[in-house]
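In what follows, a structure is listed as C-alpha cells, so that the remarks can point back to it.
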Amino acid sequence: MEQIRVRFAPSPTGNLHIGGARTALFNWLFARKNGGVFILRLEDTDLERNLEEAEAGIFSCLDWLGLKWDEGPGTTGLSGPYRQSERFGLYREQADRLLESGAVYKCYCTPSELAQQREQAQKKGFAPRYDGRCRRLSLKEQLEREARGISPVLRIKMSQEGTTVVHDLIRGAVEFENKTMDDFIIVKSNGLPTYNFACVVDDSLMRITHVIRAEEHLSNTPKQILLYRALGFNEPAFAHVPMILAPDRSKLSKRHGATSVDEFRLDGYFPEALVNYLALLGWSPGDDREMMAINEIISSFSLEAISKSAAIYDTKKLTWLNAQYLCSFEPERVAWEVVPFLQARGFVKGNPDEKTFAYIKKVSEVVRSRVHTLVELADASSYFYIDDFDYDEKGVKKFFNREGVAELLDQGKEAVKMIPYFDLPNVELAYRNLIDNLGISGGSLIHPTRLALSGKTMGPGLFDIMVTLGKEKCVERLEKAVCWLKKR
RNA sequence: GGCCCCAUGGUCAAGCGGUCUAAGACACCGCCCUUUCACGGCGGUAACCCGGGUUCGAAUCCCGGUGGGGUCACCA
C-alpha cells in the first residue's frame with residue numbers, strides 16, 4: 001500500500017492557536033496510527049510580516065505538545081524545502097506549464113479596475129465575480145498593456161459547466177457548481193503564487209495523500225481540485241475537521257482568554273492534558289473513555305470518527321483533565337515542572353539544590369490534590385516557601401478571636417517541641433493527646449494551628465503541613481502567632 | 001446576499017431504523033468521607049431545533065423552515 005503522507009501547514013504569524021494545534025494533532029495522530037509521515041510546511045509567502053520568532057514559536061509549541069514532524073524545516077526530507085518562501089522556483093515552473101498548456105491566461109486588470117467591476121456587478125445584482133474579459137486579449141493588446149508597465153496576474157480558466165465534487169472523508173460527497181467559481185488568480189502581479197496555487201503545487205510535489213485541515217478550507221477545495229486536474233496531478237483525499245468556536249459561538253479570538261498553546265503552557269497546563277483535551281474536542285474514541293494516554297489515542301484514532309459539527313471551546317474540562325494528570329504524574333516530574341513557577345514568584349531562588357528539590361517534591365505531593373494547574377500549585381504552596389505571610393482575615397475572625405487561643409497555641413508549640421521523631425504518626429499522636437488532655441474538640445486546636453502555620457483556613461491536612469514544614473518552622477510560626485495575638 | 005457545512009442537556013459527546021421512558025464526562029446541586037479545602041464515593045437537575053414526509057416503527061432516512069458557522073481578496 002502507498003505510504004500515507006500528511007502535512008500541517010501553518011502560516012507563521014503569531015503563535016500556535018489551539019485550533020491549529022488540534023489540526024496538527026489530528027494530522028499527527030493519523031500519521032502515527034497508519035505508519036505514515038507527518039510533514040511540517042511553513043506557508044510564509046506573505047511578504048511583510050514574517051517574523052523568525054513566529055516560526056520559532058510554532059516549532060516550540062509543537063515540540064512541547066510532543067508532535068514531532070518527520071519532514072519539515074530542519075530535517076533532511078526529500079520533499080523539501082519546507083518553507084514556501086524557499087519554493088518560488090517550483091511555483092514558477094508549474095505556472096509556466098499551465099501557461100503553455102493554455103489552462104491559464106494573463107490578466108491585466110488592475111486592482112482598482114477590479115474593484116470597479118465588482119461594484120458594478122453588485123449594482124446590477126450579480127455576484128461580484130471576475131468576468132474573464134482578459135481571456136480574449138490578443139497578443140497585440142497584451143503587449144500594449146505590458147508597454148504601459150502593467151504586470152499581469154495569472155488566472156485559471158474555469159469551466160462554467162458541470163459540478164466539482166469534493167469527496168470528504170468526514171462529510172461525504174460535497175458538490176459545487178462550477179458556475180459559482182470565477183477565474184481566480186494563481187500568480188500575483190509580483191510573481192508570487194496565491195495560497196490556493198502554492199498549496200496545490202506543494203501538496204502534489206510533496207506527495208501528500210491526505211489533506212486534513214480546518215473546515216474553513218472546504219469552500220476552497222473545489223478550486224484546488226480543478227487546479228490538480230489542470231496540473232495533471234492526482235488529487236489527495238480530503239478531510240475537513242470542524243471549527244473550534246468561542247463560548248458565544250463566534251470565531252475564537254484573543255478576547256476569549258487563553259487561546260494559544262503558549263498561554264496554556266504559561267498558565268501551568270501539561271501538554272498531555274492539552275493534547276488529551278484537544279483530541280476529545282471533535283473526536284471521540286466511540287466509548288466513554290476520557291483520560292487517555294497518547295498511545296491509546298493513537299490506536300483508537302480514525303478520521304471517520306471525527307464529528308461534523310463545530311465544537312465550543314470551554315476550558316473547564318481541560319482544567320479538570322489537567323488536575324487528573326497533575327495527580328497521576330510521578331512526584332519528580334511535578335516538582336521539576338513547578339520550579340519555574342516557584343522561581344517566578346520568588347519562592348525559590350536560582351536552581352534548587354538537592355535538598356530544596358526534595359522539599360519542593362514533598363510540598364507538591366501534599367498540595368497537588370487540591371489544585372488544577374502548576375500556577376495554582378505554586379500559589380497554593382506559598383507559605384511553604386515564605387515566612388512572611390498575613391493571616392487570612394476571615395480565619396482570624398473565626399479562629400483567632402476566641403478566648404484563650406494564644407495559650408492554646410502556646411501549648412501546641414510546647415507539644416511540638418517535645419516530639420522526638422517529627423513524622424506523621426508522632427505529630428498526630430502528640431496533637432491528639434493534647435486535645436484529649438485539654439478535653440477540647442479537635443477543630444478548636446487544629447484550625448488556629450493551621451492559621452498560625454499557613455495563614456490560611458484551607459489546604460492540606462494539618463499534620464501533613466506540619467511534617468512538611470518541619471519542627472523548627474512549626475515552633476517558630478506558632479510562637480509568632482502567639483506574639484501576634486498578645487499584641488492585639 | 002450567492003454557494004457550502006452543521007444542528008442530542010450549559011459544554012464535550014455516545015447513538016449510525018426497533019434494545020432510547022437517550023450512555024459517559026465536565027460544570028452545577030445534594031449526601032457521605034473529613035480538622036478545613038480538595039480528592040474520592042453515592043445520588044440528582046438537565047437534551048434529540050421546528051414542521052412535513054418515508055416506514056409497522058425515526059434522535060437515527062428524505063424535504064422544507066429556522067438557527068449557527070464557513071467562504072466568496074493580487075491573505076493564508
Side-chain donor/acceptor of [X] to base of [N], under 3.5 Å:
X: Thr180(A); N: G2(B); result: no
X: Lys317(A); N: C12(B); result: yes
X: Ser189(A); N: C74(B); result: yes
X: Arg370(A); N: C37(B); result: yes

| Atom CG of Leu137(A) and atom SG of Cys109(A): how far apart are they, to the nearest 0.5 Å? | 8.0 Å
| Residues, nucleotides or ligands: over 12 heavy atoms within 6.0 Å of Arg370(A) CZ | yes
Only distances under 3.5 Å count here; give the side-chain donor-acceptor pairs of residues 303-312 of chain A to other protein atoms, sequence neighbours excluded, each with its distance to 0.1 Å.
{"residue": "Ser307(A)", "atom": "OG", "partner": "Ser309(A)", "partner atom": "N", "Å": "3.4"}
{"residue": "Ser307(A)", "atom": "OG", "partner": "Ser309(A)", "partner atom": "O", "Å": "3.2"}

| Who are the side chain to side chain contact (heavy atoms under 4.5 Å, CB included) partners of Asn220(A), not counting sequence neighbours? | Tyr195(A), Asn196(A), His217(A), Gln224(A)
| field | Trp69(A) and Phe59(A) aromatic ring geometry - parallel, tilted or perpendicular at 30°/60° bounds | value | tilted
| task | Hey, can you tell me if Tyr391(A) and Phe389(A) have their rings parallel, tilted or perpendicular (30° and 60° cut-offs)? | result | perpendicular
Applying salt bridge (Lys or Arg N to Asp or Glu O under 4.0 Å), name anything that partners [X], two or more places apart in sequence or on another chain.
X: Arg402(A); answer: none
X: Lys223(A); answer: none
X: Arg148(A); answer: Glu144(A)
X: Glu376(A); answer: none

Proximity to the side chain of [X] - top-ranked nucleotide from [options]:
X: Lys188(A); options: C75(B), C5(B), A27(B); result: C75(B)
X: Lys308(A); options: A73(B), C6(B), A27(B); result: C6(B)
X: Glu216(A); options: C6(B), A76(B), G70(B); result: G70(B)
X: Phe176(A); options: A13(B), C3(B), C74(B); result: C3(B)
X: Arg432(A); options: A76(B), A73(B), U35(B); result: U35(B)
X: Ser11(A); options: A76(B), C74(B), A27(B); result: A76(B)

| When we call it a touch if two heavy atoms are under 4.0 Å apart, what does Gln324(A) touch: a base, just sugar-phosphate, or nothing? | sugar-phosphate
| task | With heavy atoms under 4.0 Å as the rule, sort Leu462(A) into base, sugar-phosphate or nothing. | result | base
| query | Which salt bridge (Lys or Arg N to Asp or Glu O under 4.0 Å) pairs, counting each pair once, include a residue from residues 434-447 of chain A, with sequence neighbours left out? | reply | none
| task | List in numerical order all residues of residues 444-452 of chain A for which some heavy atom is under 4.0 Å away from an atom belonging to RNA chain B. | result | Ile446(A), His447(A), Arg450(A)
| said: So if I take residues 281-292 of chain A and measure heavy-atom distances to RNA chain B, which residues fall below 4.0 Å? | reply: Leu281(A), Gly282(A), Ser284(A), Gly286(A), Asp288(A), Glu290(A)
Is there any protein nitrogen or oxygen under 3.5 Å from a nitrogen or oxygen in nucleotides 19-22 of chain B, and what are the pairs?
none

| query | Taking atom P in both C75(B) and G65(B), what distance in whole Å separates the two? | reply | 36 Å
| task | Please measure how far the C1' atom in U8(B) lies from the corresponding atom in C48(B), and state the result in whole Å. | result | 4 Å
| said: Taking side chain to side chain donor-acceptor pair (under 3.5 Å) as the definition, give me every residue that meets it alongside Ser260(A), ordered by chain and number, with sequence neighbours left out. | reply: Glu263(A)
| Which parts of nucleotides 64-69 of chain B does protein reach within less than 4.0 Å, heavy atoms only, written one letter per nucleotide 5' to 3' as B for base, S for sugar-phosphate only and - for none? | ----SS
| task | Could you tell me whether Arg7(A) and Asp203(A) have a side-chain N and a carboxylate O separated by less than 4.0 Å? | result | yes
| query | Is the Phe26(A) to Trp283(A) ring centre distance short of 6.0 Å? | reply | no
